[in-house]
2 protein chains.
Amino acid sequence: MESNIAVAALSALAHPGRLEAFRLLVRAGSEGMAAGDIARATGSLPNTLSANLNVLAGAGLVQSRRDGRSIIYSAAYERMSDLLAFLVEDCCDGRSEICGPVVEKAARPLCGAPSC
Amino acid sequence: MESNIAVAALSALAHPGRLEAFRLLVRAGSEGMAAGDIARATGSLPNTLSANLNVLAGAGLVQSRRDGRSIIYSAAYERMSDLLAFLVEDCCDGRSEICGPVVEKAARPLCGAPSC
DNA sequence: TCCATATTTCGAGAATAATGGAATGAATTG
DNA sequence: CAATTCATTCCATTATTCTCGAAATATGGA
């Protein structure tokens, strides 16, 4: 992942409303959530939310598809994964004596995962 | 980690110059780097860099100590770890079938680490 | 076609962030 | 103490971002 793409992703997430919306989508899984439901869940105005979802989409962190009158947004797990990988790669640079514990701690909540 | 702290950290990293400086510090390890060396390495003006380091420090991502005329900055690994954990925790929410691969991929470059 | 629902786009005003020049503050050296 | 170096703070300008009301677009149903 290139640095400017990482900056775009970090930038998109560096906003309370967008971070909340993104978390919601990540939890919602691949089926995603309608824009209106996200607006209701986060208590934001439809137009404000739309602008925010657009920023997330521009950073490649979410994608959308139309379903009837609704537009369904879903998390782009691959981009998210790339961002995490970028930060971890950045962290360790081959010397695991410092960053091993960092990643270990981060992965601890995940102990049902294959990597654990 | 609370959401607003995560937003502050993401915000601090969501800037090309700051991200570059932070990466540099993370690579530099606990001994850290003098502000001037960072400025030289990143090609930024001292005052601009100072402002940016201040933002990173405000987000808890770096710390500083004086050594003679120089001020040595170093990465705050624990805060970084907390941020990664926050994103991962957010990601998985107990369902590892989606986010297991996400974290696995992110951790792949790190296979000398204890968690690998 | 007409209407209701769902979402986006447009536009403007307010707030916030980024940049760089100049001055200031600390520490070392002679 | 004077000179030098390293870094920060102050300040003004410019640029960007955020938010919300109002209008517009798209879909489905009566």
Side-chain angles (χ1 to χ4, degrees), chain A residues 3-25 28 31-76, chain B residues 3-25 28 31-76:
Chain A
S3 176
N4 56 325
I5 295 182
V7 167
L10 291 166
S11 223
L13 294 175
H15 177 284
R18 287 197 295 264
L19 184 57
E20 190 183 2
F22 183 69
R23 299 188 83 171
L24 215 51
L25 287 177
E31 62 268 34
M33 264 179 100
D37 292 339
I38 303 175
R40 237 162 284 126
T42 62
S44 41
L45 293 176
N47 55 356
T48 298
L49 179 75
S50 180
N52 284 332
L53 288 173
N54 209 39
V55 172
L56 287 169
L61 286 165
V62 304
Q63 56 232 338
S64 64
R65 65 194 145 88
R66 179 175 283 276
D67 177 31
R69 274 184 287 224
S70 296
I71 294 193
I72 312 291
Y73 282 86
S74 55
Chain B
S3 177
N4 55 326
I5 296 184
V7 167
L10 291 166
S11 226
L13 294 175
H15 178 284
R18 287 197 294 265
L19 185 57
E20 190 183 3
F22 183 69
R23 298 187 83 172
L24 216 51
L25 287 177
E31 62 267 34
M33 262 180 101
D37 292 340
I38 303 175
R40 237 162 283 126
T42 62
S44 42
L45 292 175
N47 55 354
T48 299
L49 179 75
S50 182
N52 284 333
L53 288 173
N54 210 38
V55 172
L56 287 169
L61 287 166
V62 304
Q63 56 232 339
S64 64
R65 64 194 145 87
R66 177 175 284 276
D67 177 32
R69 275 185 287 225
S70 297
I71 295 192
I72 311 291
Y73 283 86
S74 55

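Residue numbers begin at 1 in each chain, while the letters A, B, ... track the order of the sequences.
Contact check of residues 47-69 of chain A against DNA chain D (heavy atom, cut-off under 4.0 Å) returns Asn47(A), Thr48(A), Arg66(A), Gly68(A), Arg69(A). Proximity of residues 35-42 of chain B to DNA chain D (heavy atom under 4.0 angstrom from any strand atom) is restricted to Ala35(B), Gly36(B).
In terms of the salt bridge (charged side-chain N to carboxylate O under 4.0 Å, His left out) criterion, residue partners of Arg40(B) (sequence neighbours excluded) are, by chain and number, Asp37(B). Scored by the side chain to side chain contact (heavy atoms under 4.5 Å, CB included) test, Ser70(B) finds Ala34(B), Ile72(B) as partners (sequence neighbours excluded). The side chain to side chain contact (heavy atoms under 4.5 Å, CB included) check on Ala9(B) picks up Leu61(B), Leu83(B), with sequence neighbours excluded. Scanning for side chain to side chain contact (heavy atoms under 4.5 Å, CB included) contacts around Ala76(A) gives Gln63(A), Arg79(A), with sequence neighbours left out. A search for side-chain hydrogen bond (donor to acceptor under 3.5 Å, both in side chains) contacts involving Ser50(B) returns nothing, not counting sequence neighbours. Residues meeting the side chain to side chain contact (heavy atoms under 4.5 Å, CB included) test with Ala35(A), sequence neighbours left out: Leu53(A), Tyr73(A).
Shown here for Arg65(B) and Glu31(B), the closest heavy-atom pair between the two residues is NH2-O, 2.5 Å. Pairing each heavy atom of Ala59(B) with each of Ala8(B), the nearest pair is CB-O, 3.7 Å. The two residues Leu19(B) and Ala6(A) come nearest to each other via the heavy atoms CD2-CB, 4.3 Å. Looking at every heavy atom in both residues, Leu49(B) comes nearest to Ala39(B) through CD2-N, 3.5 Å. Across Arg69(B) and Arg66(B), no two heavy atoms sit closer than the pair O-NH1, 3.7 Å.
With rounding to the nearest 0.5 angstrom, the CG atom of Leu24(A) is 6.5 Å from the CD1 atom of Ile38(A). For the atom pair OG of Ser64(A) and CG of Leu56(A), the computed distance is 11.5 Å after rounding to the nearest 0.5 Å.
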Task: Strand DNA chain C in bracket notation, Watson-Crick/G-U under 3.5 Å with | for pairs to another chain - done: ||||||||||||||||||||||||||||||
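The stretch residues 9-25 of chain A participates, sequence neighbours left out, in these side chain to side chain donor-acceptor pair (under 3.5 Å) pairs: Arg18(A)-Asn52(A), Arg23(A)-Asp90(B).
Taking 4.0 Å as the cutoff to heavy atoms of chain A, we find the contact window on DNA chain C bounded by dA4(C) to dT9(C). Chain A approaches DNA chain D over the interval dC18(D) to dG28(D), counting the first and last nucleotide 5' to 3' with an atom under 4.0 Å from its heavy atoms.
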